[in-house]
Amino acid sequence: NPKVALFFISFIPQFISVDNQYGPIPFLILGSIFAVMGAITSFIIAIFSSSLTTKLRDNIVAEKIINKISGAVFVILGISLFGT
């Protein structure tokens with residue numbers, strides 16, 4: 001995602017002094033913390049999504065509701081395309 005790279009290039013360096021005695025270490029620490037937290041968050045979301053998908057696929061009522069909702073969305077999109 002290029003927006004994340006632009007965020008790091010423009011926002012994060014404001015918090016690191018040019019003449020500090022540690023060099024690029026604080027910048028690397030901030031980047032590492034962000035990468036670890038992003039990986040943990042993505043891992044939690046993936047586990048939650050997997051368990052929710054498994055529960056929804058086993059539930060016949062939920063499957064019928066999801067099919068009706070997705071069908072209605074496709075019909076609405078088709079009508080909106082037809083109208084333009």
Side-chain angles (χ1 to χ4, degrees):
N1 191 353
K3 290 183 275 187
V4 175
L6 288 174
F7 172 77
F8 276 111
I9 291 171
S10 63
F11 186 70
I12 298 294
Q14 296 176 16
F15 299 103
I16 299 174
S17 176
V18 178
D19 57 350
N20 69 3
Q21 61 184 351
Y22 302 111
I25 299 297
F27 189 70
L28 295 173
I29 290 173
L30 285 173
S32 300
I33 289 171
F34 181 80
V36 168
M37 291 185 69
I40 291 171
T41 304
S42 297
F43 184 70
I44 290 170
I45 290 171
I47 289 175
F48 175 74
S49 299
S50 174
S51 66
L52 183 66
T53 301
T54 303
K55 289 179 183 177
L56 286 177
R57 286 187 184 181
D58 292 341
N59 190 344
I60 296 172
V61 175
E63 182 180 356
K64 288 182 181 180
I65 292 171
I66 291 171
N67 283 338
K68 287 181 182 180
I69 290 173
S70 62
V73 168
F74 282 129
V75 168
I76 292 169
L77 288 172
I79 291 171
S80 68
L81 282 174
F82 183 71
T84 58

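Residues: numbered from 1 along the sequence shown.
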### Query
Are F11 and L28 co-members of a hydrophobic cluster defined by side-chain heavy atoms under 4.5 Å apart?
no

### Query
More than 12 foreign heavy atoms under 6.0 Å from CG of L77: is that the case here?
yes

### Summary
On a heavy-atom basis, the closest approach of T54 and S50 is OG1-O, 2.9 Å

### Query
Any link between I69 and L56 through a network of hydrophobic side chains (Ile, Leu, Val, Met, Phe, Trp, Tyr) touching at under 4.5 Å?
no

### Message
Less than 4.5 Å apart, side chain to side chain, heavy atoms only: is that true for V36 and I40?
### Response
yes

### Query
When rounded to the nearest 0.5 angstrom, what distance separates CG in N59 from CD1 in I66?
8.5 Å

### Query
Can you tell me how far CG of L81 sits from CZ of F74, rounded to the nearest 0.5 angstrom?
11.5 Å

### Task
For E63 and R57, work out which heavy atoms get closest and say how close.
OE1-O, 4.4 Å

### Query
In the single-linkage hydrophobic clustering (I, L, V, M, F, W, Y; side-chain heavy atoms under 4.5 Å), do V73 and F82 co-cluster?
no

### Query
Any link between M37 and I29 through a network of hydrophobic side chains (Ile, Leu, Val, Met, Phe, Trp, Tyr) touching at under 4.5 Å?
yes

